[in-house]
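Taking it in order: structure first as structure tokens, then the write-up.
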Number of protein chains: 2
Amino acid sequence: MPPQARGRASDSAKCTALDNDLTWAIRMISMALRRVAAEAAETLPGGSRAYLVLMALAEAEDKPPTQLELAGQVGLDRTVMTYLLDDLEGRGLLLRRPNPKDRRARHVILTDEGRSQLLRIRTELAAAESQLLVELSEQQRAQFRDLLAQVALTAARGSHGD
Amino acid sequence: MPPQARGRASDSAKCTALDNDLTWAIRMISMALRRVAAEAAETLPGGSRAYLVLMALAEAEDKPPTQLELAGQVGLDRTVMTYLLDDLEGRGLLLRRPNPKDRRARHVILTDEGRSQLLRIRTELAAAESQLLVELSEQQRAQFRDLLAQVALTAARGSHGD
DNA sequence: GACAGATAGTCAGGTTTGCAGAACATTTTC
DNA sequence: GAAAATGTTCTGCAAACCTGACTATCTGTC
């Protein structure tokens, strides 16, 4: 039995208890998005972390990062990165290319398969997002996005000055 | 070193990568609320799970649940519930009262201390919620709550028919 | 050019954490 | 009296993570 089954049951129990208006709403939406993200990334070894790695690689595709740089970008330990890349390389999503200038370092580059998997996940996430807003009018969606962005900025400000 | 330090760093790394508009905003807000909830509940043994237990107890205070009922409500294993209640009882937040009608079962009841701790946490959470909306006008807040509730219902519907 | 020290990546443990199964005592129910 | 249920404890498992050692390489200094 996958660990998600238990976690999800526990989360739904939380939801019935935590309906403090805003917190409950945010939690429901966040859970829905997280669930979709987990499902979209569950075919990848390493789950959502693999998604982060693929994102980082796609962003800097012109200048492939080394494993250490990659680890720093996504906040992982280098040893963890080694295992993660082992799995991802095993599935043909990326390659480790030794740097001829510094033969200690290995640059990580996306394969076509990796790019297509990343595209698949992004598409699924985008679909889930728009599905969430399906009951809102066009005007309401714009309002919602604006308000959400503003509140998110407030939240980000509060978290930065920790 | 607390595990939150690493988790938080990784989460902030996620945020820079995942700014897909809506998902990013929801994630920021959810993280801020989670952080506050974790801080508010960190004085309790068991963290946010203890908060769930206290909530469940306060909701059904006229009919104190047994440990097994409580475990079912918050989605915990009964063995885990035993340990959690050990800690909470040790801090005087609740009592285990044997049921004279069925001396196998033990009802769990809130103490005054438990009630006051619960009130404290709820107050902190409410303060954090309103702090999030501090930059919005009164009208915007109402709009935001309405839209958020509607989207949350959509999200909940999607999760129910899993 | 040779050496010491630093660095990238890998790997083999060990630690922690959290959960759940099994066994047990106590009590109820049939 | 047999079977089931509640709660407790012991135990082991599994995942995730990190530390430390190791190899291979680079960089600086003499």
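In what follows, every chain begins at residue 1, and chains take the letters A, B, ... in the order their sequences are listed.
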Ordered by number, residues from residues 84-98 of chain A within less than 4.0 Å of DNA chain D (heavy atoms) are none
Counting the atoms with a prime plus P, OP1 and OP2 as sugar-phosphate, which does B/Arg106 contact under 4.0 Å by heavy atoms, base, sugar-phosphate, or nothing? sugar-phosphate
Would you kindly give the CE-to-P distance between A/Met81 and D/dT19, to the nearest whole Å? 17 Å
Count the heavy atoms belonging to other residues, nucleotides or ligands that lie under 6.0 Å from CZ of A/Arg97, then report whether that count exceeds 12. no
Confirm from the modelled atom types if A/Arg104 and C/dT7 form a donor-acceptor pair under 3.5 Å, side chain to base only. yes
Closest non-hydrogen atom pair, A/Ala40 against A/Ile121: O-CG1, 3.7 Å
Note: A/Thr66 and A/His107 closest approach over all heavy atoms is CG2-CE1, 3.8 Å
Heavy-atom nearest nucleotide on DNA chain C taken for B/Asp102 and for A/Thr82; more 5' hit belongs to A/Thr82
Do side-chain atoms of A/Thr111 reach the backbone of A/Gly114 as a donor and acceptor pair under 3.5 angstrom? yes
Could you check how far NZ of A/Lys101 sits from P of C/dA8, rounded to whole Å? 17 Å
Interatomic distance, CG@B/Leu119 vs CD@B/Glu124, rounded to 0.5 Å, equals 10.5 Å
To the nearest angstrom, the CG-P distance between B/Asp77 and D/dT8 comes to 13 Å
Is the phosphate of D/dC17 approached by A/Arg49 (side-chain N or O, under 4.0 Å from OP1 or OP2)? yes
Output the rounded distance in Å from CZ (B/Arg78) to P (C/dC19). 16 Å
Applying a 4.0 Å non-hydrogen cut-off, can you work out what A/Thr79 is touching in the nucleic acid: base, sugar-phosphate, or nothing? base
Starting at atom CD of B/Glu69, determine the distance to atom C1' of D/dA5, rounded to an integer number of angstrom. 13 Å
B/Tyr83 (side chain) and D/dC10 (base): donor-acceptor pair under 3.5 Å: yes
Across all chains, not counting sequence neighbours, the side chain to side chain contact (heavy atoms under 4.5 Å, CB included) partners of A/Glu89 are A/Leu94, A/Arg96
Round to the nearest Å and state the distance from B/Leu68 atom CG to D/dT6 atom C1'. 7 Å
When you check the phosphate oxygens OP1 and OP2 of D/dT25, does a side-chain N or O of A/Arg103 lie under 4.0 Å from one of them? yes
Consider the side chain of A/Ala105, meaning its heavy atoms from C-beta on, and name the nucleotide among C/dT27, C/dA8, D/dT25 that approaches it most closely. C/dA8
Tightest non-hydrogen contact, residues B/Arg91 and B/Thr43, listed as NH1-O, 2.6 Å
How many whole angstroms separate atom CG of B/Asn99 from atom P of D/dG7? 10 Å
